[in-house]
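Working notes, beginning with the structure itself.
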Amino acid sequence: MDNLEVAKILNQIADLMEIKGESKFKVGAYRRATRTIEELPENINDVYLKDKLEEIPGVGESIALDIKELITKGSCLRLSKLKEKIPGKLSELMEIEGLGPKKVAFLFKKFHVTAIKQLEKLIKSHKLKELFGWGPKSEQNILEGIKLYRRFRERFLLGKIYPYAQALQEKLRKSPLVEKVEICGSFRRRKETIGDLDILVTSKQPKRLVDFFVSLPEIQRVNAKGPTKVNVLLKYGAQHQSGVETDLRVVRPESFGAALHYFTGSKTHNIEIRRRGIEKGLRINEYGVFKVSPSKKRLTRVGGAKEEEIFKAVGLPWIPPEIRENEGEIEAALENRLPKLIEKRDIKGDLHLHSDWSDGEDSILDLALSAQKRKYQYIALTDHASPIGIINGLNAHRVLKQILAIKEINKKLRGFQILTGTEVDINKDGSLFLPDKILEKLDIVVAGIHSSFHLSCDQMTKRIVKAMKNFHVDIIAHPTGRLINKREPYEIDESALIKEAKRTGTILEINAAPQRLDLTGPYIRLAKEYGVRMAISTDAHSTNQLDYMVFGVDTARRGWAEKNDIVNTLPFEELKGLLKRG
DNA sequence: GCCGTTTTCGGCCCGACTGTTTTCAGTCG
Ligand SMILES: Nc1nc2c(ncn2[C@H]2C[C@H](O)[C@@H](COP(=O)(O)OP(=O)(O)OP(=O)(O)O)O2)c(=O)[nH]1
Ligand SMILES: [Mg+2]
Ligand SMILES: [Mg+2]
Ligand SMILES: [Zn+2]
């Protein structure tokens, strides 16, 4: 059972406990543990074997026991006991917007509803609205919730929604009612996927602004509307067949900093900051920081216009949004050991690109010129070397031809270098698609898996480790192989991979393509702790995809990466010195 | 259920909007 499977079960335990009516703090404890384990880079089985489960924040004696049972037996007593009283399927019903634990519990107790179909039937019989506490609107809202649930709403790729969000921000800025507009939430934290857009606006006329917003042509539906907060579905996608859930929050200018902090999150980060506020006799909310009088009756405002003031109030320096996940950033800030995160302007080149020699769209020269426009000093041309026909992979002969072609192009360039390279397939047995005597002629060798994705964890790990041991392999491309919303990562021992990368001096890639972002935050952080170097590469298949770099930098920042951790911040000569021979 | 340079017991973030309520619980951010 892997981390995500364990997390999923802990979350289901939380759901069922909530439906059962357990203390919300107990439920909260399970949700906290769920979240931590979802983001844990170490394999939970290893943590168990080392007897260190209780060292995971939020995991104590009870949850550690649950995890132990899950790992050793595939099931746990607590869940089985819960399921005797509460059907496991009820946790799915809770995913419908507007249905929480209390309503689900009621529907089950009174009508034995356990599935969506049953619920629909019940509503259409209109038995519900006769009951106290339920009316026609309740019925209508549940039906709407079911419809939305069925539209199968995946999370959006950050890279895909980015231009849409920016255009919307610009549009709002133009309104005379608006002072500041920031897109907050997971978007500002630069998570690789975004559940919804959270837009913060300051205005001296909040009510008028809310009315203006819901009258925009982009609005598909208004779900909720009050004087400070609106929830809508925006039109999105071709023919607007899709929609983006959007929360708009309006505050007065003096609350901008506090609201920015609140709305940026993450939720767990907010809770921890507020808790520290309580210890200092402060109340922190989206309107500001307030001193609580000894009688606890009066609040005196002590800050909130600037985001910094929130941190300052609890004795901290400003923390970059990308690492606000309550994963140790608050402790680090307190001890003045926040990382100096890498920035876009630190990037001096791109080490994973495809030209029209393989499956890219543009010529080598165009890629070089585009990179030069972006103030880079170098690129590495890494066309596929692969037997897969569809990607038009290069064989040994064409690789040699390309080396000569690049030599010619390099002569035409000033202050810029193209490194010769390849993205060579790692075969099923860990050998490479090109022989060593070809690899040694290249400046840089990127190796990646593009076939046989379904090996056992052991086989897959050995496969990549073998590739790393090859003296010519400099970089492992997209190390976990995931395609967001499409393909799960390979079964692989990431910790072992990271340790081996350190041992062999192999660079791990942070692939910046929006559907990959691989490595992702938690693994980047682990790699950094081991002293493994990484490369942020776009894997661009056209010149405009060079712009993916920013998403790679964002992801690196989420992994606490600093300039020194990333090799393509180095000037050309230093980078060359770092690469393995050939 | 978890946790602790004030605690091993007693807290646990704080607020907005909705529907059906005559005063607020439920759900969500
Ligand atoms: N203090 C506090 N803040 C919250 C809570 N729930 C949400 N927030 C804040 C922090 C979140 O980042 C922000 C936006 O909420 P969302 O539900 O949209 O979450 P977020 O954008 O982080 O993730 P998402 O990608 O939308 O799933 O609101 C909460 O329970 N308490
Ligand atoms: Mg959000
Ligand atoms: Mg939201
Ligand atoms: Zn590639």
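Reminder, nothing fancy here: chain letters follow the sequence lines and each chain counts from 1.
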Rounded to whole Å, please give me the gap between [atom1] in [X] and [atom2] in [N].
X: E54(A); N: dC3(B); atom1: CD; atom2: C1'; value: 12 Å
X: I271(A); N: dC12(B); atom1: CD1; atom2: C1'; value: 9 Å
X: F25(A); N: dC12(B); atom1: CZ; atom2: P; value: 7 Å
X: E22(A); N: dC12(B); atom1: CD; atom2: C1'; value: 16 Å
X: Y30(A); N: dC12(B); atom1: OH; atom2: C1'; value: 17 Å
X: K26(A); N: dG11(B); atom1: NZ; atom2: P; value: 18 Å
X: R276(A); N: dG11(B); atom1: CZ; atom2: C1'; value: 16 Å
X: E55(A); N: dC2(B); atom1: CD; atom2: C1'; value: 16 Å

Using the [atom1] atom as the point on both nucleotides, what is the distance between [M] and [N], in whole Å?
N: dA25(B); M: dT21(B); atom1: P; answer: 14 Å
N: dT22(B); M: dC12(B); atom1: C1'; answer: 32 Å
N: dG29(B); M: dC13(B); atom1: C1'; answer: 12 Å
N: dG19(B); M: dG1(B); atom1: C1'; answer: 33 Å
N: dT20(B); M: dG26(B); atom1: P; answer: 15 Å
N: dA16(B); M: dT7(B); atom1: P; answer: 35 Å

Inset, instruction - Kindly say whether the aromatic ring centers of Y162(A) and F551(A) come within a distance under 6.0 Å. - result: yes
Inset, instruction - With heavy atoms under 4.0 Å as the rule, sort V27(A) into base, sugar-phosphate or nothing. - result: nothing
Inset, instruction - Have a look at E61(A) and say if it touches a base, only the backbone sugar-phosphate, or nothing, with a 4.0 Å heavy-atom cut-off. - result: sugar-phosphate
Legend entry - Pairwise side-chain contact, R516(A) with I484(A), heavy-atom cut-off 4.5 Å (strictly under): no
Legend entry - Heavy-atom check, side chain of R221(A) versus side chain of L148(A), under 4.5 Å: yes
Below 4.0 angstrom from OP1 or OP2 of [N], is there any side-chain N or O of [X]?
X: Y287(A); N: dC13(B); answer: no
X: S23(A); N: dG1(B); answer: no
X: N270(A); N: dC13(B); answer: no

Inset, instruction - Tell me, yes or no, whether the heavy-atom count around E154(A) atom CD, taken from other residues, nucleotides or ligands under 6.0 Å, exceeds 12. - result: yes
Inset, instruction - Name the residue closer to the 5' end of DNA chain B, choosing between I278(A) and M17(A) according to the nucleotide with the nearest heavy atom. - result: M17(A)
Legend entry - Main-chain N/O of A115(A) paired to Q118(A) side chain as donor or acceptor, under 3.5 Å: yes
Inset, instruction - Using the six-membered ring of Y30(A), assess whether NZ or CZ of R32(A) lies under 6.0 Å from its centre and within 45 degrees of the ring axis. - result: no
Legend entry - Axial cation check for W318(A) ring with R324(A), 6.0 Å and 45° limits: yes
Inset, instruction - Test H261(A) against every option in F256(A), F311(A), Y287(A) by the ring-ring contact (aromatic ring centres under 6.0 Å, His included) rule and name the one that passes. - result: F311(A)
Inset, instruction - If dG11(B) has a Watson-Crick or G-U wobble mate with both distances under 3.5 Å, name it; if not, just say none. - result: dC2(B)
Inset, instruction - Quick one, give me the B/S/- string for nucleotides 18-29 of chain B, reading 5' to 3', where B means a protein heavy atom under 4.0 Å from the base and S means that only happens at the primed atoms, P, OP1 or OP2. - result: SSSS----SSSB
Inset, instruction - Between dC13(B), dG1(B), dG15(B), spot the one nearest the side chain of R275(A), thanks. - result: dC13(B)
